[in-house]
Amino acid sequence: MNFDTIITVEFLSKSKSNMAFTNIDKLKHIKVLPYISIVQAVDGYYEIGLGGNKLENTGTGGFFIAPAGVQQEIVHHINHATGQMACRWVFLDVVINGVYRPDFLYDFPTIVPKERCNELNSLFDELFSTDDIFDNYSSYYRIMKFLLSLASHSKRSENESIHKTLEYIEKNYKSDIRINDLANNIHMSVSNFHSVFKKNFGVSPIVYINRYRLSLAAKQLTETSLSISEIATMVGYDDTQYFCKMFRKTYCLSPTQYRRITKKQAGL
């Protein structure tokens, strides 16, 4: 299939946010998100590693781009002059031609090149300056255009089995997903599937599924008032204690602490 001509670009969901934090110097998060993340360190800076690769530095004012479904290792660094770290980000869940996600078709640089940061900063300024829905949509499309200008074609786009596996996880994450299920879904042996998956995403399928579920849970903790047990069940954990253990291991905070801190920072 030829992907050189993009016919339609549909936003399934999108969101933006900005926050300022204190007391988080060298705090590390490891997570997987179900959408493209474009994150700017407004004050302080990030170290970011994707898929188990080495950490890279955004610098103050710099951006990182994280594809959906790829392990993110993020280390926060405050500006010691101000005592805080401030950041803003955009999450984009996008489909091209009604079928393909852009981060399946394309590879993006982890760190936006310094010579392009002013351009993206201006797009972020426009997006965050208004809540008008039409102005926001215009900004989202131009940010997507900017991302594609940095992109190169991904070898993953040649592997239909990986695309089918991600679709399966997105549709069935609430259920008990076994490696056999994933391997059988694409007619591959368990050993071969495990090897192919880890080569593409840097983590095992089980680790990926857990981090995907926890990322969805983190969103629910911030945006809803559902109980911890309700959220645990919603994202596929029958055992609330196990869910809390896994959440703390990934986010270095309990679900309750995470909810309190993120809602406070967001002014909710």
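Any value given below was found using the heavy atoms of this structure, including those in side chains, with hydrogens, waters and symmetry copies removed. Index from 1, following the sequence.
- For the residue pair S189 / N192, a side-chain donor-acceptor distance below 3.5 Å is found, with atom types taken as modelled.
- A donor-acceptor pair is defined here as one N or O able to donate and one able to accept, closer than 3.5 Å; such a pair exists between the side chain of N136 and the backbone of T130.
- Taking each heavy atom of K31 and Y251 in turn, the nearest pair found is CB-OH, 3.8 Å.
- A salt bridge links E119 with R116: at least one charged nitrogen is closer than 4.0 Å to a carboxylate oxygen.
- Closest non-hydrogen pair, G59 versus N57, comes out as N-OD1, 2.7 Å.
- For the side-chain hydrogen bond (donor to acceptor under 3.5 Å, both in side chains) condition, the pairs that include at least one residue of residues 233-242, sequence neighbours left out, are N210-Y237.
- Looking at V70 and Y208, their side chains never come closer than 4.5 Å, going by heavy atoms from C-beta outward.
- Taking both residues in full, the closest heavy atoms of W89 and F124 are given as CA-CE2, 4.2 Å, listed atom of the first, atom of the second, then distance.
- Taking the six-membered ring wherever Trp is involved, the centroid distance between the rings of Y46 and H77 does not fall below 6.0 Å.
- In terms of heavy atoms, A151 sits closest to F108 at CB-CE2, 3.6 Å.
- I36 is listed as a side-chain neighbour of P102, based on a closest heavy-atom distance under 4.5 Å.
- For the residue pair Q84 / N79, no side-chain donor-acceptor distance below 3.5 Å is found, with atom types taken as modelled.
- For the pair Y45 and T60, the tightest heavy-atom approach, listed with the atom from each and the gap, is CB-N, 4.0 Å.
- For F243 against P255, the heavy-atom pair with the smallest separation is CE2-CG, 3.9 Å.
- Donor-acceptor pairing under 3.5 Å is recorded for the side chains of S227 and S229.
- A donor atom on one side chain and an acceptor atom on the other are found under 3.5 Å apart for T82 and D43.
- Of the charged side-chain nitrogens involved, at least one lies within less than 4.0 Å of a carboxylate oxygen, so that E126 and R142 count as a salt-bridged pair.
- The salt bridge (charged side-chain N to carboxylate O under 4.0 Å, His left out) pairs that include a residue from residues 173-198 are D176-R178, where partners are two or more places apart or lie in different chains.
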